[in-house]
Amino acid sequence: MNNLAQPPRDGASPIPDVQGSADDRRIAIAQVGVRGMRHPIEVRNADGAAMATVADVEMSVSLPHHQKGTHMSRFLSLLNEHGEPLDAPACRSLVMAVATRLEARSARVAFRFPYFRDKAAPVSGLVSKMDYEVTIDAVTDADGPVVRLTVVVPVTTLCPCSKKISDYGAHNQRSHVTITVRPTADYWIEDAILLAESSASSELFGLLKRADEKYVTEHAYDNPRFVEDLVRDVAAGLRRDDRVPEWKVEVENFESIHNHSAWAVVTSDSAEM
């Protein structure tokens with residue numbers, strides 16, 4: 001690799017390319033790059049529209065044992081050049097551009113951002129925003145770029161045991177359903193959200209009037225779920241979906257009567273073991 005940059009136009013001496021110089025320790029680096037970058041993006045949703053948000057971005061490449069460093073500024077240049085709404089094809093294109101521009105055998109890009117949806121309350125119909133934590137990451141692979149989507153969906157679960165043994169009511173808690181998929185066809189953020197919310201005791205809403213609160217409370221009471229029930233119901237939905245042959249679902253219940261959480265995980269590899 002040429003260790004001298006192009007000479008300045010004024011004829012001054014070339015600026016040394018220190019990152020491109022040799023390293024004699026013979027230790028390759030699996031990933032080196034930048035993280036903690038906040039960047040405005042647009043995210044494409046199922047109906048083709050784009051939603052504006054702000055992402056926490058991480059970008060990295062592998063570094064061979066003989067090269068001293070990577071060129072960090074190129075990550076930011078590529079990120080600023082990337083202007084199209086974020087979806088799986090856009091992520092594949094970006095991670096391949098990173099590998100090419102930085103002359104790396106492998107590369108990774110990851111975007112973590114809040115995703116907002118309009119939700120109407122179940123009785124009053126009042127519309128408010130609900131936010132969900134989403135990560136879209138892409139890595140280069142021997143067979144080409146691989147994209148994974150992770151969505152964290154907050155829901156309500158009501159304890160079946162508490163309902164069975166109590167004379168009055170039952171305890172419930174907010175739960176997080178984390179769905180990670182490696183889709184082979186279009187699979188949208190909304191698909192994961194709807195699956196998680198429909199599997200829970202109740203979905204959550206940003207704005208509820210008294211009639212809505214009554215409905216949500218009674219709906220949850222009529223649909224009790226252990227953490228095991230919820231993780232299995234979501235896993236069953238993913239298993240039926242031909243678009244996502246590889247997936248993982250994790251559920252965490254933030255218990256309301258304990259100072260600990262209950263949690264469970266199912267993966268596409270372990271679902272039938």
Side-chain angles (χ1 to χ4, degrees), residues 43 45-46 58 87-88 91 108 110-115 117 119 130-139 141 143 145-164 170-205 216 219-273:
V43 182
N45 56 31
E58 180 177 315
D87 57 12
C91 266
R108 177 177 182 266
F111 296 83
R112 289 178 288 274
F113 53 90
Y115 183 82
R117 295 176 69 229
K119 291 193 69 175
M130 272 289 296
D131 63 292
Y132 306 84
E133 296 178 19
V134 177
T135 301
I136 300 178
D137 70 272
V139 296
D141 187 89
D143 298 325
V146 173
V147 175
R148 287 183 174 84
L149 169 68
T150 300
V151 185
V152 181
V153 185
V155 297
T156 289
T157 52
L158 184 134
C159 178
C161 180
S162 178
K163 177 180 177 178
K164 186 73 172 179
H171 80 82
N172 57 12
Q173 52 272 320
R174 189 186 307 178
S175 305
H176 281 177
V177 180
T178 303
I179 297 174
T180 300
V181 297
R182 177 181 172 180
T184 56
D186 285 343
Y187 187 89
W188 301 98
I189 295 170
E190 291 92 338
D191 293 325
I193 293 172
L194 293 175
L195 174 59
E197 290 183 340
S198 64
S199 302
S201 296
S202 176
E203 57 188 295
L204 302 186
F205 300 87
V216 169
H219 182 74
Y221 191 80
D222 290 337
N223 294 277
R225 295 285 190 279
F226 286 128
V227 68
E228 297 93 335
D229 296 316
L230 181 50
V231 78
R232 282 175 169 147
D233 285 346
V234 175
L238 292 168
R239 188 167 55 183
R240 291 191 297 267
D241 196 328
D242 294 336
R243 296 172 297 171
V244 286
E246 183 180 320
W247 49 265
K248 175 183 176 181
V249 56
E250 177 175 348
V251 175
E252 182 173 5
N253 287 354
F254 302 100
E255 296 289 324
S256 60
I257 63 170
H258 303 292
N259 193 26
H260 59 259
S261 294
W263 67 285
V265 177
V266 177
T267 69
S268 49
D269 292 335
S270 67
E272 297 183 359
M273 294 177 61

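- Between I179 and V234 the shortest side-chain heavy-atom distance falls below 4.5 Å.
- Taking all atoms of both residues into account, the shortest heavy-atom contact from A220 to T156 is CB-CG2, 4.4 Å.
- How far CD of E197 is from CZ of R117: 6.0 Å, rounded to the nearest 0.5 Å.
- Although no hydrogens or angles enter the test, the distance criterion places a donor-acceptor pair under 3.5 Å between the side chain of K163 and the main chain of Y221.
- Side-chain contact between T184 and P245 is present, with heavy atoms from C-beta onward closer than 4.5 Å.
- Between V216 and F205, the shortest heavy-atom distance links the atoms CG2-CE1, 3.9 Å.
- Distance CE/M130 to CD/E203: 8.5 Å, rounded to 0.5 Å.
- Crowding of D141 atom CG: a count of heavy atoms from other residues, nucleotides or ligands under 6.0 Å exceeding 12.
- With salt bridges taken as basic N to acidic carboxylate O contacts below 4.0 Å, one links E58 and R108.
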Return a table of donor-acceptor pairs under 3.5 angstrom between the side chains of residues 255-264 and protein atoms on other chains or two or more places apart.
from, atom 1, to, atom 2, distance (Å)
S256, OG, N172, O, 2.7
S261, OG, E252, OE2, 3.0

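- Within the 4.5 Å cutoff, the side chain of Y115 has heavy atoms near those of the I193 side chain.
- Closest approach of D229 and P160 over heavy atoms only: OD2-CG, 4.2 Å.
- S201 and N223 share no side-chain donor-acceptor pair at under 3.5 Å.
- Minimum interatomic distance between I136 and C91 (heavy atoms only, all atoms of both residues): CG2-SG, 3.3 Å.
- The CG atom of D191 lies 10.0 Å from the CG atom of L238; values are rounded to the nearest 0.5 Å.
- When each of R225, R174, Q173 is paired with T157, the side chain to side chain donor-acceptor pair (under 3.5 Å) condition holds for Q173 and for no other.
- In this structure the side chain of V265 reaches within 4.5 angstrom of the side chain of K248, judged on heavy atoms.
- Between F254 and S175 the shortest side-chain heavy-atom distance does not fall below 4.5 Å.
- Here the side chains of V43 and F111 are not in contact, with every heavy-atom distance at 4.5 Å or above.
- Side-chain atoms of R112 do not come within 3.5 Å of backbone N or O of E133 as any donor-acceptor pair.
- Side-chain N/O atoms of Y132 and E190 include no donor and acceptor closer than 3.5 Å.
- Separation of atoms CZ (F226) and CG (L158) is listed at 10.0 Å; rounding is to 0.5 Å.
- Nearest heavy atom pair, residue A235 against residue V266, reads CB-CG1, 3.8 Å.
- Here I189 contributes atom CD1 and L149 contributes atom CG; the two are 6.0 Å apart, rounded to the nearest 0.5 Å.
- In this structure, SG on C159 lies 3.5 Å from NE2 on H171, to the nearest 0.5 angstrom.
- T150 places a side-chain heavy atom less than 4.5 Å from the side chain of T178.
- V147 and A88 get closest at one heavy-atom pair: CG2-O, 3.8 Å.
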